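In what follows, a structure is listed as structure tokens, so that the remarks can point back to it.
If you're wondering where the values come from, they're calculated on a predicted model, not measured in any experiment.
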Amino acid sequence: MFKLYNSQSQISSDLSKFFKNIFPTISKPHLKIVLDIIIGMIKAESVVTTDIIKKIKDPWSEVQPASIERKFERFFNNNKFLPYNFYDSIIKHIIKNYKLKNNNVYISFDHMYCKDKFTIFLLSLRIGKQGIPLWFRCFKGVDDPDAFNLSLMIQGISYVHNLFKDKNCKLIFLADRWFNFREIMQHIDSLGDTYCIRTKSNLSIEIDDYEYSDMISTISDIDPLFSKSLYFDSVRITSFKFQTKLAVSKTDSHKEPFFILTNGNTREAIKHYGYRFGSIEFIFKNQKSNGFYLECTKMRNIQSFTTLFTLVCIAILWLTILGADYTKNKSHFKNCFKIRYSKKNGSGNKRTFSLFNTGLFFFNLAFEATKYIVLKCNFLLYDI
């Protein structure tokens, strides 16, 4: 009979030691159910409770599915479990031990929606060509004003700044055109960090030292050049009397030009902003159609959804870390298996595996494997 390595009970035990160490106040029952849900979620690639129940094993094997479902429901609705605090302890541990490869650290922030049920404001850290969640807050519905409050966004930005304050790095915050608020840009600048924020074309501006200054009253009056960016190192946004810089770019692949406001080097602003697409968008994709199908959840109240979303973020975080670890140390596993990083799609083009999908594939190979494969549960993140 073959011995199986990395059983659910073994993985749960290893993760339990890690989580108990960084968040000692969590109760044993809560920790046990958290870990079993995360493992079941990864195996099922789903957040739907009935799908998770089908994948979890001991000690649930002899329990009726209806009983497990009720127990899960009680946990998700238990306000004694503090999901934000729990995730905060994980992220602080990860960033404290995070070894930077480059001086620039890219942080994206944006809103995402779970159909018309919930709104999430999220900040992410770019790792390789994708990202991991750093800080988030969940809200009921799609029109809760608290989800779009400037104080919330500033709170999240300050949190991330403090995460990295002891690191020798340059924080660069990236955001889409819905975040070109003076208060956000001023706050990032006051922290000594850099912002690259896309702005709307109807923004009223004045440009110094430009031969066509008299012809420009809004950003849309600037005529962008194909394949050649324009840079303005002294721009006043007249609608809210704010001095900043502007980079303008137009490419064949986008219908609209990119107007990027920045307090940094305008020559680098377009390139920096481009890193946003592979960061936060990948997280949303992994939570939804490319990963756990978050929008299939039937949860209705904000407490249960926040707990669920937190566990999804932990799963994404762990799988991305496993993917980064394999990418950096793949020679250690060459005698066990080899993950193919790309494959051809229907059109003959190559599609590269993301760190998340590499980690997911790695987990599935290691789970109950007949060969011994080290499945790390220490959440040590590598910069790729």
Side-chain angles (χ1 to χ4, degrees), residues 6 8 10-23 31 34-35 37-43 45 83 86-102 105-108 122-136 160 163-164 167 169 278-287 290-292 309-333 336-337 339 341 352-367 369 373-384:
N6 297 315
Q8 179 179 314
Q10 182 59 55
I11 297 172
S12 182
S13 176
D14 292 343
L15 288 174
S16 179
K17 294 173 185 176
F18 169 76
F19 287 129
K20 193 66 178 176
N21 181 54
I22 65 169
F23 197 67
L31 182 56
V34 161
L35 298 179
I37 289 174
I38 290 173
I39 294 170
M41 189 184 293
I42 293 172
K43 288 300 297 177
E45 296 183 37
F86 187 53
Y87 197 78
D88 174 62
S89 67
I90 300 171
I91 286 299
K92 285 181 176 176
H93 173 87
I94 289 173
I95 300 304
K96 179 181 178 181
N97 297 283
Y98 179 46
K99 306 299 182 183
L100 290 169
K101 185 178 179 181
N102 299 301
V105 174
Y106 297 98
I107 308 296
S108 299
L122 182 144
L123 290 95
S124 69
L125 165 66
R126 178 181 168 86
I127 301 293
K129 293 184 178 180
Q130 62 178 90
I132 58 169
L134 288 179
W135 189 91
F136 55 86
V160 172
L163 272 181
F164 288 89
K167 300 282 185 182
C169 65
S279 175
I280 201 163
E281 298 297 338
F282 261 114
I283 295 177
F284 296 163
K285 189 176 180 181
N286 293 338
Q287 288 170 337
N290 192 50
F292 298 111
F309 188 83
T310 300
L311 300 191
V312 169
C313 285
I314 294 171
I316 288 174
L317 185 60
W318 187 31
L319 293 177
T320 303
I321 288 173
L322 290 177
D325 179 62
Y326 177 84
T327 301
K328 185 176 179 64
N329 303 302
K330 53 181 175 290
S331 61
H332 297 173
F333 304 97
C336 301
F337 60 88
I339 295 176
Y341 282 95
T352 304
F353 265 23
S354 67
L355 292 178
F356 168 81
N357 278 309
T358 300
L360 178 60
F361 192 62
F362 178 89
F363 176 90
N364 286 323
L365 285 174
F367 186 79
I373 301 172
V374 178
L375 189 62
K376 295 181 181 179
C377 300
N378 57 1
F379 281 70
L380 180 60
L381 176 65
Y382 294 102
D383 191 8
I384 301 297

Kindly assign one of parallel, tilted or perpendicular to the pair W318 and F379, based on the angle between their ring planes and the thresholds 30° and 60°.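 Aromatic pair W318/F379 classed parallel.
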
Considering non-hydrogen atoms only, spot the tightest contact between [X] and [Y] and give its length.
{"X": "N6", "Y": "I11", "result": "O-CD1, 3.5 Å"}
{"X": "I39", "Y": "S12", "result": "CD1-N, 4.0 Å"}
{"X": "N378", "Y": "F18", "result": "O-CE1, 3.5 Å"}
{"X": "A324", "Y": "I384", "result": "O-CD1, 3.6 Å"}
{"X": "C377", "Y": "D14", "result": "SG-CB, 3.7 Å"}
{"X": "K376", "Y": "Y382", "result": "NZ-OH, 4.3 Å"}

Between [atom1] of [X] and [atom2] of [Y], what distance do you get to the nearest 0.5 Å?
{"X": "S89", "Y": "N21", "atom1": "OG", "atom2": "CG", "value": "10.0 Å"}
{"X": "E45", "Y": "K43", "atom1": "CD", "atom2": "NZ", "value": "8.5 Å"}
{"X": "T320", "Y": "N357", "atom1": "OG1", "atom2": "CG", "value": "9.0 Å"}
{"X": "I95", "Y": "F164", "atom1": "CD1", "atom2": "CZ", "value": "4.0 Å"}
{"X": "I38", "Y": "L319", "atom1": "CD1", "atom2": "CG", "value": "10.0 Å"}
{"X": "K328", "Y": "L355", "atom1": "NZ", "atom2": "CG", "value": "12.5 Å"}

Where do Q130 and I316 land on the side chain to side chain contact (heavy atoms under 4.5 Å, CB included) test, with the steps shown first? CA-CA 11 Å; Q130 62 178 90; I316 288 174; 5.6 Å; no

Could you tell me if the side chain of [Y] sits less than 4.5 Å from the side chain of [X], heavy atoms only?
{"X": "I91", "Y": "L317", "value": "yes"}
{"X": "I94", "Y": "I321", "value": "yes"}
{"X": "K167", "Y": "V105", "value": "no"}
{"X": "K92", "Y": "L163", "value": "yes"}
{"X": "L375", "Y": "F362", "value": "yes"}
{"X": "L125", "Y": "Y98", "value": "yes"}
{"X": "L381", "Y": "I132", "value": "yes"}
{"X": "K96", "Y": "I22", "value": "no"}

Show, in sequence, the C-alpha distance, side-chain angles and deciding distance for L380 and D325, and conclude whether the side chain to side chain contact (heavy atoms under 4.5 Å, CB included) test is met. CA-CA 8 Å; L380 180 60; D325 179 62; over 6 Å; no

For the pair F23 and F19, evaluate ring pair (Phe, Tyr, Trp, His ring centres under 6.0 Å) and give the outcome as yes or no after the intermediate values. CA-CA 6 Å; F23 197 67; F19 287 129; 9.3 Å; no

Within a 6.0 Å radius of atom NZ on K129, are there more than 12 heavy atoms belonging to other residues, nucleotides or ligands? no

Is the distance from the ring center of Y87 to that of F136 below 6.0 Å?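 Close enough - the centres of the two rings lie under 6.0 Å apart.
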
